Amino acid sequence: MSLELQIQKALAEAFKATFDLDMEQEKLVLQPTRKEFVGTHTFVTFPYGKLTQKNPQQTAELLGHYLKDSHSLIADFQVVKGFLNLSLKPSAWVSWLAQRTVGEWQKLPLRGEKAMIEYSSPNTNKPLHLGHLRNNFLGFAVAQILEAAGFEVCKANLINDRGIHICKSMVAYRQFGNGETPEQSGKKGDHLIGDYYVKFNEVYKSQIQTLIAEGNTEKEAEQNAPIMQEAREMLLAWEAGDAQVVALWKKLNSWVYEGFEKTYKDIGVSFDTYYYESETYLLGKEIVEEGLKKGVFFRKEEGSVWADLKAEKLDEKLLLRGDGTSVYMTQDMGTADLKYKDFPMQHSIYVVGNEQDYHFKVLKVLMQKMGRAYADGIFHLSYGMVELPEGKMKSREGTVVDADELLAEMIQIAKNRTEELGKIENFSVQEAEQLYRQLALGALKYYLLRVEPKKKMLFNPEDSIDFQGNSGVYLQYTHAKISAILRKAERDNIAYDAEAYAAVSEFEASESELFYLLSQYENTLREAADSYSPAVMANYMYELARAYGKMYADLPIFPESDAAKKAMRIALSAHTGEVLRAVARLLGIEMPEQM
RNA sequence: GUCCUCGUAGUUCAACGGAUAGAACAACAGUUUCCUAAACUGUAGAUGCAGGUUCGAUUCCUGCCGGGGGCACCA
């Protein structure tokens with residue numbers, strides 16, 4: 001049983017014994033004691049005045065006395081107004097640490113539930129940019145977190161490989177490409193195709209201007225620009241299965257996939273299954289028919305099919321055009337069923353930007369109306385855009401922060417900083433290269449993950465990404481320092497097992513703080529899983545590293561004369577390292593042993 | 001027009017309805033005979049505005065102001 005639970009149980013007993021009140025122990029929530037007061041766990045008694053017939057302060061006093069007198073866990077208490085601050089006995093912490101270090105603590109018990117996480121889901125007409133990185137890191141981290149929290153997880157990538165966007169690149173390539181290939185040009189396939197997408201838009205723009213100059217309205221110009229018409233025709237040809245168009249499409253897409261795979265590998269994300277829009281875009285019509293039969297949807301006179309969601313304040317939603325063709329929502333309904341068929345899940349998570357909030361609200365309501373088993377478990381993990389100081393990134397105009405380029409720059413910065421500091425002279429070239437990558441990716445991932453997903457975030461290329469302070473590098477540095485401590489303990493043959501530190505009977509403040517934070521791993525993981533928020537883990541990891549940094553600076557380890565204390569500090573260091581590594585793994589961040 | 005979302009130090013981010021709103025960067029001032037100074041310590045600095053609910057509101061509700069996004073037989 002966790003310390004938290006033991007305290008809650010004790011509190012329930014205290015309520016019973018002192019006030020003859022039966023409290024549900026889960027509701028007796030504890031919060032961390034603020035560091036200006038003594039203690040680790042705080043119970044707030046303001047809400048219980050009516051029940052106990054005492055004022056909050058008296059309530060806290062009475063509960064505190066009971067706990068101190070009757071519970072082996074509680075060393076002391078202190079009351080400030082309605083706050084009951086509890087201090088646990090060092091022996092309790094010490095045995096907690098002893099148990100912890102032998103047990104399996106990284107994962108919560110299995111829940112017997114499945115969760116599918118769809119993320120990344122790129123369009124195949126351009127390379128990944130900074131916004132995609134946020135998506136990829138979020139999706140991967142949430143998958144890891146849910147798995148650690150006891151879910152069976154499936155990571156899915158739904159590739160948007162068809163549609164007008166890829167036709168634009170195809171048209172531009174056909175006109176201007178001269179058969180260029182990734183091999184000859186030395187470009188990654190996704191970049192090559194992305195360049196043609198930009199090219200398309202340049203030509204499109206100039207054609208619009210010409211047409212406007214010839215007296216067309218802007219709308220007409222946009223409609224009639226020859227290159228756009230060509231793209232539309234190509235889309236129709238693709239849908240008709242035109243052999244040449246399909247062959248071109250396959251070739252260009254295969255180049256893009258190679259490029260994506262390289263990037264995915266570089267940034268350390270992976271998938272368990274792939275869906276291709278070209279294979280799913282026709283799905284969903286049967287669901288519309290089913291909905292019509294059930295009377296959930298209705299047909300307008302012209303033949304189009306709609307769902308009336310006015311009761312849900314979502315207005316009316318088109319599901320099938322008058323000519324019987326699908327819209328985006330139609331295929332998403334079909335894909336939702338397909339996913340469930342492949343992986344019958346209780347939770348279906350979509351990592352998609354917040355501009356689609358409405359879409360996913362509607363999707364969920366529609367599937368609920370259709371009575372789908374998985375419908376209540378649909379969750380749109382909506383995240384805010386990554387903006388530049390001058391505003392939104394626009395692929396069309398090529399004003400994006402490219403993922404591959406950014407990573408390369410980060411690696412270069414990591415290299416420069418590391419060389420300045422000169423701490424890895426013993427490294428081989430390969431080891432050094434690996435370290436630069438770890439630092440660069442760690443900085444990038446932590447930077448993007450520490451912000452609450454739904455908030456938009458600003459990226460300023462001028463400032464780059466932090467390598468100091470509240471940064472991924474700080475966490476890695478803490479881990480590297482810990483590793484050095486452990487190497488030294490090993491070398492000097494200093495034991496730090498449970499027996500070696502069992503005798504410790506008092507703590508310094510920074511040790512208590514560290515113990516407390518280490519004990520919060522499960523709670524934090526549960527909270528992160530419940531809210532699908534890697535930011536919760538990221539912030540926890542930073543707090544933990546900071547607490548360790550403080551202890552490291554305040555207290556000597558090897559010069560400590562009390563052998564038990566020395567052993568305990570090493571054991572604390574070791575476990576802090578383990579927790580940091582465990583959390584970092586959830587976020588996809590690697591922790592170096594030396595830096 | 002309507003719906004959703006965000007608004008916290010100069011800047012970028014924190015804070016299950018709880019104590020004197022935490023960090024980091026930037027600024028200023030300190031700390032290496034001692035385990036990695038990519039660190040540690042200190043100083044200064046913030047809840048958009050107006051109401052309401054509550055013992056208690058950055059957090060919940062209403063209105064306003066400001067930023068972002070959505071809503072069309074587009075994807």
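Please read all numbers here as calculations on a predicted model, not as lab measurements. First the proteins, then the strands, lettered A, B, ... as listed; each starts at 1.
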Which part of the nucleic acid does Leu458(A) contact within heavy-atom distance under 4.0 Å: base, sugar-phosphate only, or nothing?
-> sugar-phosphate
Look at the side chain of Lys550(A) and decide which nucleotide, out of A39(B), C13(B), U41(B), has an atom nearest to it.
-> U41(B)
Just checking Met595(A): base, sugar-phosphate only, or nothing, at a heavy-atom cut-off of under 4.0 Å?
-> base
Whole-Å distance separating the CG atom of Leu318(A) from the P atom of G70(B) = 19 Å
Lys455(A) side chain N/O closer than 4.0 Å to the phosphate oxygens (OP1, OP2) of G7(B)?
-> yes
Would you kindly give the OH-to-P distance between Tyr447(A) and U12(B), to the nearest whole Å?
-> 9 Å
How are the rings of Tyr540(A) and Tyr521(A) set relative to one another: parallel (under 30°), tilted (30 to 60°) or perpendicular (over 60°)?
-> tilted
OP1 or OP2 of A39(B) under 4.0 Å from side-chain N/O of Lys481(A) = no
Counterpart base for C64(B), defined by Watson-Crick or G-U wobble contacts under 3.5 Å | G48(B)
Does a donor on one side chain sit under 3.5 Å from an acceptor on the other, for Ser382(A) and Gln356(A)?
-> no
What distance, rounded to whole Å, do you find between the two P atoms, one in C49(B) and one in U36(B)?
-> 49 Å
Salt-bridged, Glu590(A) to Arg437(A), with N to O below 4.0 Å?
-> no
Reckon Tyr552(A) touches a base, only the sugar-phosphate, or nothing at all at heavy-atom distances under 4.0 Å?
-> base
Which part of the nucleic acid, if any, lies within reach of Asn523(A) when heavy atoms closer than 4.0 Å are counted: base, sugar-phosphate only, or nothing?
-> nothing
In the structure shown, which nucleotide is the Watson-Crick or G-U wobble counterpart of G10(B), with both distances under 3.5 Å?
-> C25(B)
Separation between the C1' atoms of C60(B) and G18(B), rounded to whole Å | 14 Å
Taking side chain as C-beta onward, heavy atoms only, is Phe298(A) less than 4.5 Å from Val305(A)?
-> no
Which one is paired to U32(B), where only Watson-Crick or G-U wobble pairs with both distances under 3.5 angstrom count?
-> none
Specify the separation, in whole Å, of atom CG of Leu314(A) and atom P of G70(B).
-> 17 Å
Touch check for Thr418(A), heavy atoms < 4.0 angstrom, all strands: base, sugar-phosphate only, or nothing?
-> base
Under 6.0 Å between ring centres, would you say that holds for Tyr383(A) and Tyr119(A)?
-> no
So what does Pro47(A) touch, heavy atoms closer than 4.0 Å: a base, only the sugar-phosphate, or nothing?
-> base
Nearest-angstrom distance from the residue atom CZ of Phe360(A) to P of G70(B) | 14 Å
Let me know, please, whether Gly549(A) or Phe37(A) comes out on the 5' side of the other along RNA chain B by nearest nucleotide.
-> Phe37(A)
Looking at every strand, decide which applies to Tyr328(A) at a 4.0 Å heavy-atom threshold: base, sugar-phosphate, or nothing.
-> base
Just checking, Arg450(A) and Tyr542(A): is the charged tip under 6.0 Å from the six-membered ring centre and within 45° of the axis?
-> no
So what does Val451(A) touch, heavy atoms closer than 4.0 Å: a base, only the sugar-phosphate, or nothing?
-> sugar-phosphate
Pick base, sugar-phosphate or nothing for Gly163(A), based on heavy-atom distances below 4.0 Å to the nucleic acid.
-> nothing
Whole angstrom value for the distance that separates C1' of A72(B) from NZ of Lys219(A) | 10 Å
Test log, rule salt bridge (charged side-chain N to carboxylate O under 4.0 Å, His left out), inputs Lys310(A) and Asp308(A) = CA-CA 6 Å; Lys310(A) 291 210 260 326; Asp308(A) 183 356; 3.6 Å; yes
Please state the C1' separation for the pair U33(B) and A29(B) - nearest whole angstrom.
-> 24 Å
For U58(B) and C40(B), measure between their P atoms and round to the nearest Å.
-> 30 Å
Within the structure shown, what part of the strands sits under 4.0 Å from Glu452(A) by heavy-atom distance: base, sugar-phosphate, or nothing?
-> sugar-phosphate
Using heavy atoms to find the nearest nucleotide of RNA chain B for Gln331(A) and Asp315(A) separately, return the residue whose nucleotide is more 5′.
-> Asp315(A)
Grab the CD-P distance between Gln31(A) and U59(B) for me, whole Å please.
-> 17 Å
Is any side-chain nitrogen or oxygen of Lys81(A) closer than 4.0 Å to OP1 or OP2 of G56(B)?
-> no
For residues Arg487(A) and Gln594(A), determine if any side-chain heavy atom of one lies less than 4.5 Å from a side-chain heavy atom of the other.
-> yes
Check every strand shown and say whether Lys35(A) touches a base, only sugar-phosphate, or nothing at a heavy-atom separation below 4.0 Å.
-> sugar-phosphate
Is there a donor and acceptor pair, one atom on the side chain of Thr478(A) and one on the base of A39(B), closer than 3.5 Å?
-> no
Provide the distance between the two C1' atoms, one in A23(B) and one in A46(B), to the nearest whole Å.
-> 13 Å
Is there side-chain contact between Phe83(A) and Arg34(A), with heavy atoms separated by less than 4.5 Å?
-> no
Candidate nucleotides U36(B), G18(B), C40(B), ranked by approach to the side chain of Val44(A) - the nearest | G18(B)
Out of A19(B), C35(B), U36(B), whichever nucleotide has its closest atom nearest the side chain of Gln594(A) = U36(B)
Take atom C1' in A37(B) and the same atom in U41(B), then report the distance between them in whole Å.
-> 13 Å
Pick base, sugar-phosphate or nothing for Tyr358(A), based on heavy-atom distances below 4.0 Å to the nucleic acid.
-> sugar-phosphate
Select one nucleotide: of A19(B), A37(B), C4(B), the one nearest the side-chain heavy atoms of Lys313(A).
-> C4(B)
Is Phe83(A) stacked on the base of A19(B) when the test is centres under 5.5 angstrom and planes under 30 degrees?
-> yes
For Lys361(A), report the nucleic acid contact type (base, sugar-phosphate, nothing); a contact means any heavy atom under 4.0 Å.
-> sugar-phosphate
Ring of Phe46(A) versus six-membered ring of G56(B): centres under 5.5 Å and planes under 30°?
-> no
If pairing means Watson-Crick or G-U wobble with both distances under 3.5 Å, then the partner of U2(B) is G70(B)
Could you tell me whether U32(B) is syn or anti, where syn means a glycosidic angle within 90 degrees of zero?
-> syn
Considering only C73(B), G22(B), U5(B), which nucleotide approaches the side chain of Arg34(A) most closely?
-> G22(B)
Value in whole Å for how far the C1' atom of A14(B) lies from OH of Tyr446(A) | 10 Å
Looking at every strand, decide which applies to Leu555(A) at a 4.0 Å heavy-atom threshold: base, sugar-phosphate, or nothing.
-> base
Could a donor-acceptor pair under 3.5 angstrom be found where the side chain of Asp332(A) meets the base of A75(B)?
-> no
Do the side-chain N or O atoms of Arg450(A) get closer than 4.0 angstrom to the phosphate oxygens (OP1, OP2) of C13(B)?
-> no
